[in-house]
Amino acid sequence: MLFLIDYENVGRAGMRGSEFLNPQDHVIVFYSEVQKNAERRSLENIVSSGCVFEICKLYRTGKNALDFYIVSRLGQLIGGGYEGISVIVSQDCGFQSVRDYWEKRSGRRSIVCLAPNIEDGILSGNENNARTLELKRMRESLTIGGFYAAYAEKKRVRQVVEKLFAGTEYEEKTEEILNMMEGKQKTSRVIYLNSLHLFGRKCGLEIYQAIKACAELK
């Protein structure tokens, strides 16, 4: 994805999601003397992602000057053969016309997206990849009480399993056993099969039988 960041407009809030950038991305930060400082972590996230990184500083002030820079660079890249999704990171409503233009000219929807930050830009691109799915998962709305109940239950199960296998030859495998038991779809049969697969027939059967016999894990 291509991200053209109107930093004068969005400031550091526009850099939210910089940790989700990857080597396939291209990031250009447009800025001026008005807004020339950025948090170290955002800049380091961009660099460590391995993406193509550019900056473009406004040379001469003027009304909407930086907007013209952004539009010019976008046209240059698309005209040069770029066919991926572009995101203008800005809260300036004027960029809507840029999106409309490229949508009509290319015949493709979402060739240019508008977003207030990098994270929203990734989601607006709606790509079918791991980072989009992870962002959607992280932004899922949960009830605080429900989340805490699940956390408390996971903590309780850990304590039971650690106690169950303490002093046995499987004490060092507690983490693997817990991972094997996690998930809503982990029925007794699934746990049984996973135990045999992970620990071998003899050890796997012993671990499964200990779990099955534990009243606190029913």
Side-chain angles (χ1 to χ4, degrees), residues 1-39 41-141:
M1 295 179 75
L2 168 64
F3 297 88
L4 302 107
I5 302 173
D6 183 0
Y7 196 74
E8 185 179 70
N9 178 272
V10 296
R12 63 183 182 182
M15 296 296 210
R16 175 182 172 183
S18 58
E19 67 272 24
F20 288 97
L21 294 168
N22 63 40
Q24 285 70 52
D25 293 322
H26 185 166
V27 175
I28 311 173
V29 178
F30 296 83
Y31 73 104
S32 69
E33 281 293 319
V34 174
Q35 187 80 277
K36 63 181 181 180
N37 295 325
E39 288 187 343
R41 60 178 169 181
S42 298
L43 297 174
E44 290 185 347
N45 281 341
I46 295 172
V47 172
S48 63
S49 74
C51 71
V52 176
F53 178 34
E54 298 178 40
I55 62 169
C56 184
K57 184 178 181 181
L58 181 65
Y59 292 107
R60 188 175 300 173
T61 59
K63 186 177 181 181
N64 299 323
L66 210 57
D67 296 357
F68 293 130
Y69 276 35
I70 293 169
V71 173
S72 298
R73 185 67 174 122
L74 175 62
Q76 182 183 35
L77 288 167
I78 294 179
Y82 177 73
E83 296 182 345
I85 296 170
S86 303
V87 180
I88 297 177
V89 178
S90 177
Q91 302 214 55
D92 189 335
C93 297
F95 284 116
Q96 177 66 48
S97 60
V98 180
R99 182 172 70 176
D100 294 343
Y101 173 84
W102 284 111
E103 189 172 300
K104 297 297 184 185
R105 296 284 292 185
S106 67
R108 290 170 50 206
R109 291 186 62 80
S110 301
I111 185 173
V112 176
C113 302
L114 308 178
N117 55 62
I118 293 171
E119 183 174 299
D120 283 359
I122 293 171
L123 289 173
S124 66
N126 201 31
E127 294 180 311
N128 184 24
N129 56 28
R131 74 171 173 185
T132 301
L133 292 174
E134 176 61 11
L135 269 173
K136 287 180 178 179
R137 186 192 72 80
M138 291 180 69
R139 291 177 63 157
E140 179 186 359
S141 180

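Quick note: residue numbers are just sequence positions, from 1. The basis for the numbers below is simple: all heavy atoms, side chains too, and nothing from hydrogens, waters or symmetry mates. Bear in mind the structure is a predicted one, so any value in this text is a computation, not a measurement.
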**Q.** Verdict with reasoning, V89 to M15, per side-chain contact (heavy atoms from CB on, under 4.5 Å)
**A.** CA-CA 9 Å; V89 178; M15 296 296 210; over 6 Å; no
Q. Any donor-acceptor pair under 3.5 Å linking the side chain of R99 with the backbone of C113?
A. no
Q: Test D100 against R105 for salt bridge (charged side-chain N to carboxylate O under 4.0 Å, His left out), laying out the working first.
A: CA-CA 9 Å; D100 294 343; R105 296 284 292 185; over 6 Å; no
Q. Of all heavy-atom pairs between S18 and S42, which one has the smallest distance, and what is that distance?
A. OG-CA, 3.8 Å
Q: May I have the step-by-step check of side-chain contact (heavy atoms from CB on, under 4.5 Å) for R16 and I118, ending in yes or no?
A: CA-CA 6 Å; R16 175 182 172 183; I118 293 171; over 6 Å; no
Q: Mind listing the closest non-hydrogen atom pair of F68 and K63 along with its distance?
A: CE1-O, 3.9 Å
(Q) Determine whether a donor-acceptor pair (N or O, by modelled atom type, separation under 3.5 Å) exists between the side chain of Y31 and the backbone of V34. (A) no
**Q.** Close side-chain approach of F53 and V29, heavy atoms under 4.5 Å
**A.** yes
(Q) I want to check something: taking the side chain as every heavy atom from C-beta on, are D67 and D6 in contact at a cut-off of under 4.5 Å? (A) yes
Q.
To check you understand the geometry: which heavy-atom pair defines the closest contact between L123 and K136, and what is its length?
A. CD2-CG, 3.7 Å
Q: Taking all non-hydrogen atoms of both residues into account, name the closest pair between S49 and L21 and its distance.
A: CB-O, 3.4 Å
**Q.** Worked check of salt bridge (charged side-chain N to carboxylate O under 4.0 Å, His left out) between E119 and R139
**A.** CA-CA 10 Å; E119 183 174 299; R139 291 177 63 157; 3.0 Å; yes
Q: Kindly determine whether D25 and I46 satisfy side-chain contact (heavy atoms from CB on, under 4.5 Å), including the steps that lead there.
A: CA-CA 10 Å; D25 293 322; I46 295 172; over 6 Å; no
Q | side chain to side chain donor-acceptor pair (under 3.5 Å) evaluation trace for N129 with T132 | A | CA-CA 6 Å; N129 56 28; T132 301; 2.7 Å; yes
Q. Do N117 side-chain atoms and D120 backbone N/O form a donor-acceptor pair below 3.5 Å?
A. yes
Q: Write down the atom of S90, the atom of F95, and the distance for their closest heavy-atom approach.
A: OG-CE1, 3.5 Å
Q. Measuring from L74:CG to Y101:OH, what's the distance to the nearest 0.5 Å?
A. 10.0 Å
(Q) If the threshold is 4.0 Å, N to carboxylate O, is there a salt bridge linking R41 and E19? (A) no
Q | Inter-residue atom distance Y59.OH - L66.CG, 0.5 Å rounding | A | 11.5 Å
Q | Point-to-point distance, once rounded to the nearest 0.5 Å, from CD1 of I28 to CD1 of I70 | A | 9.5 Å
Q: With rounding to the nearest 0.5 Å, note down the distance linking NZ in K36 to OH in Y7.
A: 12.5 Å
Q: With the side chain counted from C-beta on, respond yes when H26 and Y82 share a heavy-atom pair under 4.5 Å apart, and no when they do not.
A: no
(Q) I need the minimum non-hydrogen distance between Q91 and V10, along with the two atoms involved. (A) N-CG1, 4.0 Å
Q: Decide salt bridge (charged side-chain N to carboxylate O under 4.0 Å, His left out) for R137 and E134; before the verdict, give the C-alpha distance in whole Å, the side-chain angles of both, and the deciding distance to 0.1 Å.
A: CA-CA 5 Å; R137 186 192 72 80; E134 176 61 11; 2.9 Å; yes
Q. Which value, rounded to the nearest 0.5 Å, describes the distance between M1 atom CE and I122 atom CD1?
A. 6.5 Å
Q: Inspect the surroundings of CZ in R12 and state if more than 12 heavy atoms from other residues, nucleotides or ligands are less than 6.0 Å away.
A: no
**Q.** Check against side-chain contact (heavy atoms from CB on, under 4.5 Å), E44 and E39
**A.** CA-CA 9 Å; E44 290 185 347; E39 288 187 343; over 6 Å; no
Q. Taking the side chain as C-beta and beyond, is there a heavy-atom pair between I85 and L2 under 4.5 Å?
A. no
Q. Is there side-chain contact between V98 and Q96, with heavy atoms separated by less than 4.5 Å?
A. no
**Q.** Separation between CG of L58 and OG of S32, rounded to the nearest 0.5 Å
**A.** 5.5 Å
